[in-house]
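These notes are about the structure you will find just below.
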Amino acid sequence: MSDRYNIKESEARWQKAWDEQKCFEVTEEPSKEKYYVLAMLPYPSGRIHVGHVRNYTLSDVVARYKKAKGYNVLNPMGWDALGLPAENAAMDRNVHPADWTNDNIAQMKAQLKSMGLAIDWSREVSTCEPDYYKHEQKMFIQMYEQGLAYRKESVVNWDPVDNTVLANEQVVDGKGWRTGAPVERRKLNQWFLKITEYADELLESLQDLPRWPEKVRIMQLNWIGKSQGMNAEFPIDESEESLKIYTTRPDTIFGATFFAMAADHPLAQKLAGDKEGYEDFIQQCQSVGTSEEAIEKAEKIGFNTGYTITHPFTGKKLPLYIANFILMDYGTGAIYGCPAHDTRDHEFAKKYNVDIIQVVSSPDDAADIQDEPYLGPGDMINSEFLDGMESEDAKKAVIQKLEEKNLGQGATIFRLRDWGLSRQRYWGCPIPFVYRESDGACIPVPEDQLPVELPKDINYDEPGNPLDRHPTWKYTTCPETGEPAIRETDTCDTFFESSWYFLRYLDPNNSERGFSDEASQYWMAVDQYIGGVEHAVLHLLYSRFFTRALKACGYAVPDEPFSGLFTQGMVTHETYQDETGNWLYPNEIHKVDGQWMTVDGNKPVKTGAITKMSKSKKNTVDPQDIIDTYGADAARFFILSDSPPDRDLEWSEAGIEGAWRYANKIYKVVQDSIADLPQKDSSKPANFSDQASELRSQTHKTIKAVASDIEAFHMNKAVARIRELSNAITAFKPQSDDDKWASREAIETLVQLIAPMMPHLAEELWAALGYESLIANTPWPEFDESLIASDTLTIGVQVNGKVRATISLPQDADETAVKEIALAEPGVQKAVNDKEIRKFIYVPGRIVNVVVG
RNA sequence: GCGGAUGUGGUGAAAUUGGUAGACACGCUAGAUUUAGGUUCUAGUGCCGCAAGGCGUGAAGGUUCAAGUCCUUUCAUCCGCACCA
């Protein structure tokens, strides 16, 4: 009898073996088909969380499976090492962001290694290293030279007490998270990348991404937000100025009852700056956050400028407002308001007693337009020359009319805005520009002076950006004239690093360029990208833009960086609070008599909503505890078996033990049967018992099913198939030595099928089965189609749609024969009774339905 | 507010094109074995009902011989929203 499976010893041993044999280190091999598996790189926050385990287990299964299928598989890993949390840690704990980050990387790398991932660690990349960001500084300058990077004024959240810029997540209820001071909006000169230049192409090319989830493509489509509409320009009465508006609903022009522009519209100050209450109103607008959500949800408020605009067709004078729900960044920053057919305009009109005129007829006559706007299409009414037209035709007619009058023209606009890159923070990639003091000229840092490295000696004693306060770093000379110059002290958005890291992996030792064209041409595009659905828009869109921008700068990269994408669901967990409302970690509570109590003091615990795991709510679980207790294989297997990977996973402690028991069971079953099995590679016998044939059939079916399940990311189903096979193996009693051959075939197959999921256990058993080479280097088993086909089939017999019996039929049974068999079933006879059979339906291979009545 | 998703037993979930709802597990119940215990094995387990049978995929309608799947309406929950990563 065998000893119990020693997880710790075994896992460490096989990880060492993979390392020593450099099992997963790859080079370009033009003769071999490549497969690039990419998992989204982690931010080194401290310790890995369950979301990481899920992500990297998935990529690992794909990598190991594809390797077994014969591909040259690249599966790299790195660290998205720049970002805000490092600076928060620096401020809270007085550590240097670099030290904090590098400590975290060391810890997390050890944790990932303990998962037994098939990663080529020789290609590890950390984005906070100057050797990484020097290349993107060069890229940035190249983009600038191509006209893809530029500077303009833009609004930030400003904390007036700390004198610092706040991220949206640092704004809580309109107040700074540290100071509690009401946040202001402030305009700064900032760098942008011209992603809008590619808006149409990024939209159109979504069609070329069939291996992306539909939902992600739709989200990007909506994000880019192409809309067909009309630009128009109307003179403002009693003024020299005129207002440029944009609308997607030119058909509703006769329903226009007011005009409105954004609070930061250049005309706002000009026309109303001296009006009473203007300053207060602007203040009010500025107290709303900069996020789209905050703006949309804020109460709709307006300020009447006192000016009017004459309606181009009716001649009526309509009031011109400044309104907080108009975005300067969208369209022209001004609209005409049609309250009858737009929700926001309606809300606004109700509040300021503006007329509501219906111009599109609604199919629901009862609905009162004064209570509810009508948003759909319909026939035009109250619209002079448009009356009776369909909305779509009316749109064209209005555009044509305004074009004739030289007041407007049809226009296509995008919701997508240019990518604001500047961050007023230390722990980011320095933007490689200097400003000459004499004339303010903006000069790129010459290539031979790159990288512009972050200074090490910084302090957080004062608020604000340490680079800006640094005594020496920012003072330099102009590379062109040698005159005094000041460095750009803003750093890059960290999405900049993550927009090209997958290229750096290809050639991590290249110190001249970020990567060579040869490496890119061999490995790109990424065949399978895997990561969180929360990145569906920003990161994935920025990366798609980045490859196009790099191509414009002369790099050999494909337009689309990721040909296949899989987005995993979030990992969620129940939340817990003590009596005073403090959040509690799951390991700070325990059950006493069926009630959750605090471990410390046995006080009652309130359980709350199941939400995405987050540190702020303390509903996190440290996967290391699980790996230490049950082993990496059990953790991986449980995560794969529990939920479909694209769905949210509610973490529970209960299921992991089942995976652990299963691993032990497999170990025991295989170990116990080895002595009695034929030797490996012994020749296939000719005769099998029926049970053995059955087992062989199931073995081959399982090979096929597991492969297609893995390829479709139905890992939970693959696990179910594997468990069915192992159940069949345990139930199987060989009748002869020939049958034992079938038994060995099934067991070897089982070990091969679990190898991508539980790689350590698989190696252990593969060795036990007599193989000297690693299972990690062993090809995927082949299945025999002839063993899969069955000559009988079992189908259900319904009477009036309810199943009353199941029958077995030969594959080729004709309808007459089927009818005879079906009607002879006692259950069917009982249900039919003496009622008349009105119809007999036989769908070959599927179902029989007898309709009586 | 806008956009995207999800809803099936006590729990996680399965279910080609509409065609045997609940595979595979977790948990639970009973029994057996062993151990100090975690284990292991056998049987059972959607709900109601003694049974026959009936009812069951968030809710309400509809189409169909047949609906978890298609259509309409509706409710609930979760995620993203441009300076978190």
Side-chain angles (χ1 to χ4, degrees), chain A residues 4 40-43 45 80 82-85 88 154 156-157 165-171 190 214-216 218-219 221-223 225 290-298 300 325 329 343-344 347 415-425 493-495 498 532-539 541-542 569-570 572 609-612 614 638 641-644 646-650 652 654-659 661-662 664-665 668 714 716-717 719-724 727 794-806 830 838-841 843 845-853:
Chain A
R4 159 157 291 179
M40 287 184 185
L41 85 176
Y43 178 80
S45 55
D80 190 17
L82 293 166
L84 199 49
N88 292 335
S154 174
V156 294
N157 296 308
V165 175
L166 297 175
N168 280 338
E169 75 156 11
Q170 297 174 319
V171 179
Q190 306 197 58
E214 178 75 15
K215 64 173 174 183
V216 174
I218 291 171
M219 282 161 93
L221 181 134
N222 288 324
W223 188 263
T290 56
S291 78
E292 191 168 311
E293 183 195 9
I295 292 166
E296 289 289 326
K297 272 181 150 168
K300 312 284 175 284
F325 62 96
D329 291 323
T343 319
R344 288 169 303 181
E347 192 183 330
R415 199 186 82 102
L416 182 69
R417 311 203 290 258
D418 274 339
W419 176 8
L421 209 67
S422 301
R423 299 290 182 271
Q424 295 68 38
R425 308 185 199 291
D493 176 8
T494 57
F495 274 125
S498 57
V533 67
E534 66 273 22
H535 294 290
V537 178
L538 292 177
H539 160 63
L541 193 59
Y542 290 150
M570 317 260 176
T572 61
I610 297 157
T611 60
K612 179 182 173 183
S614 74
F638 170 60
S641 64
D642 199 53
S643 275
D646 51 348
R647 208 180 288 184
D648 285 357
L649 169 68
E650 189 192 326
S652 69
I656 184 73
E657 240 174 80
R661 280 200 299 262
Y662 183 68
N664 282 300
K665 180 178 149 180
K668 193 167 177 316
H714 296 161
N716 53 329
K717 284 155 72 180
V719 167
R721 304 274 163 263
I722 287 171
R723 294 187 91 132
E724 277 174 327
N727 287 346
T794 307
I795 63 170
V797 181
Q798 300 178 329
V799 178
N800 283 353
K802 292 208 184 307
V803 178
R804 297 299 176 182
T806 52
K830 196 169 172 191
R838 292 205 305 207
K839 206 168 175 185
F840 182 87
I841 296 161
V843 183
R846 298 231 172 266
I847 198 89
V848 169
N849 194 6
V850 185
V851 186
V852 299

Partners meeting ring-ring contact (aromatic ring centres under 6.0 Å, His included) with H535(A) (sequence neighbours left out): H539(A)

Answer with base, sugar-phosphate or nothing: what part of the nucleic acid does E347(A) contact at a heavy-atom distance below 4.0 Å? nothing

Interatomic distance at C1', rG9(B) relative to rA25(B), whole Å: 14 Å

What integer number of Å spans the C1' atoms of rG4(B) and rG56(B)? 31 Å

Report yes if some heavy atom in the side chain of V848(A) is under 4.5 Å from a heavy atom in the side chain of I841(A); otherwise report no. no

Determine the interatomic distance between C1' on rG53(B) and the same-named atom on rU69(B); round to the nearest Å. 28 Å

When the distance from CD1 of I656(A) to C1' of rG38(B) is rounded to whole Å, what number comes out? 16 Å

Could you check whether any side-chain heavy atom of D648(A) comes within less than 4.5 Å of a side-chain heavy atom of M570(A), counting everything from C-beta outward? yes

Without decimals, in angstroms, what is the distance between Q424(A) CD and rC83(B) C1'? 8 Å

Write down the distance between NE2 (H539(A)) and C1' (rC81(B)), rounded to a whole number of angstrom. 18 Å

When you check the phosphate oxygens OP1 and OP2 of rA82(B), does a side-chain N or O of R417(A) lie under 4.0 Å from one of them? no

For nucleotides 1-5 of chain B, list the nitrogen or oxygen atoms of the protein found under 3.5 Å from its nitrogen or oxygen atoms, one pair per line.
{"from": "rG1(B)", "atom 1": "O2'", "to": "E296(A)", "atom 2": "OE1", "distance (Å)": "3.3"}
{"from": "rG3(B)", "atom 1": "O3'", "to": "N222(A)", "atom 2": "ND2", "distance (Å)": "2.8"}
{"from": "rG3(B)", "atom 1": "O2'", "to": "N222(A)", "atom 2": "ND2", "distance (Å)": "3.3"}

With heavy atoms under 4.0 Å as the rule, sort S45(A) into base, sugar-phosphate or nothing. nothing

Roughly how many Å is it from CG in N168(A) to P in rC84(B), rounded to a whole number? 5 Å

Reckon Y662(A) touches a base, only the sugar-phosphate, or nothing at all at heavy-atom distances under 4.0 Å? nothing

Starting at the 5' end of RNA chain B and moving along, which residue's nearest nucleotide shows up first, L166(A) or N664(A)? N664(A)

What are the two closest heavy atoms between D329(A) and R417(A), and how far apart are they? CB-CD, 3.2 Å

Heavy-atom side-chain contact between Q190(A) and V156(A) under 4.5 Å: yes

Interatomic distance, OG1@T494(A) vs CG@L421(A), rounded to 0.5 Å, equals 10.0 Å

Touch class at under 4.0 angstrom, heavy-atom based, for P42(A) against every strand present: nothing

Under the salt bridge (charged side-chain N to carboxylate O under 4.0 Å, His left out) test, which residues partner R661(A), sequence neighbours left out? E657(A)

With a 4.5 Å heavy-atom cut-off, do Y662(A) and V719(A) have their side chains touching? no

Would the distance check show the side chain of R423(A) and the main-chain N or O of D493(A) forming a donor-acceptor pair, the cut-off being under 3.5 Å? no

Heavy atoms, side chains only, cut-off 4.5 Å: are E534(A) and M40(A) in contact? no

At under 4.0 Å between heavy atoms, what does G225(A) touch on the DNA or RNA strands: base, sugar-phosphate, or nothing? nothing

Are the side chains of E296(A) and F325(A) in contact, using a 4.5 Å heavy-atom criterion? no

Round to a whole Å and report the spacing from NZ of K668(A) to C1' of rU34(B). 12 Å

Would you call rG9(B) syn or anti, using the 90° rule around 0? syn

base_contact_polar (rC84(B) base, E534(A) side chain, donor-acceptor, <3.5 Å): no

Heavy-atom protein contacts under 4.0 Å, nucleotides 18-30 of chain B, coded B base, S sugar-phosphate only, - none: -BBS-BSSSS---

Rounded to whole angstrom, note down the C1' distance from rA52(B) over to rA5(B). 44 Å

Does OP1 or OP2 of rA14(B) have a side-chain N or O of R647(A) closer than 4.0 Å? yes

P atoms of rG46(B) and rC24(B), separation to the nearest Å: 13 Å

Counting only N and O atoms by type, is there a donor-acceptor contact under 3.5 Å from the side chain of N849(A) to the main-chain atoms of G801(A)? yes

Considering only the P atoms, how many Å lie between rC70(B) and rA14(B), rounded to the nearest integer? 16 Å

Would you say a side-chain N or O of S291(A) is under 4.0 Å from OP1 or OP2 of rC81(B)? no

By the 4.0 Å heavy-atom rule, please label V537(A) as base, sugar-phosphate, or nothing. nothing

More 5' along RNA chain B: S643(A) or P85(A), using each one's nearest nucleotide? S643(A)

Using a cut-off of strictly less than 4.0 Å, decide whether N800(A) has a side-chain nitrogen or oxygen near OP1 or OP2 of rC65(B). no

State plainly whether the residues R721(A) and E724(A) are in salt-bridge range, i.e. N to O under 4.0 Å. yes

Of all the nucleotides listed (rC55(B), rA85(B), rC83(B)), which has the minimum atom distance to the side chain of L84(A)? rA85(B)

Hey, could you give me the CD1/OG1 distance between I847(A) and T806(A), rounded to the nearest 0.5 Å? 10.5 Å

Work out how far the P atom of rG18(B) is from that of rC65(B), and round it to whole angstrom. 15 Å

Partners meeting salt bridge (charged side-chain N to carboxylate O under 4.0 Å, His left out) with D642(A) (sequence neighbours left out): none

Give H535(A) one of three labels, base, sugar-phosphate or nothing, depending on what nucleic acid heavy atoms sit under 4.0 Å from its own. base

Which dot-bracket string describes RNA chain B (Watson-Crick N1-N3 plus N6-O4 or O6-N4, or G-U N1-O2 and O6-N3, all under 3.5 Å; [ ] crossing; | other strand)? (((((((..(((......[....)))((((((.......))))))(((....)))..(((((..]....))))))))))))....

Rounded to whole angstroms, how far apart are CG on L649(A) and P on rA13(B)? 8 Å

When the C1' atoms of rG68(B) and rU8(B) are compared, how many Å lie between them, rounded to an integer? 7 Å

May I have the distance from F638(A) (atom CZ) to rG12(B) (atom C1'), rounded to whole angstrom? 8 Å

Round to the nearest Å and state the distance from K802(A) atom NZ to rU64(B) atom P. 18 Å

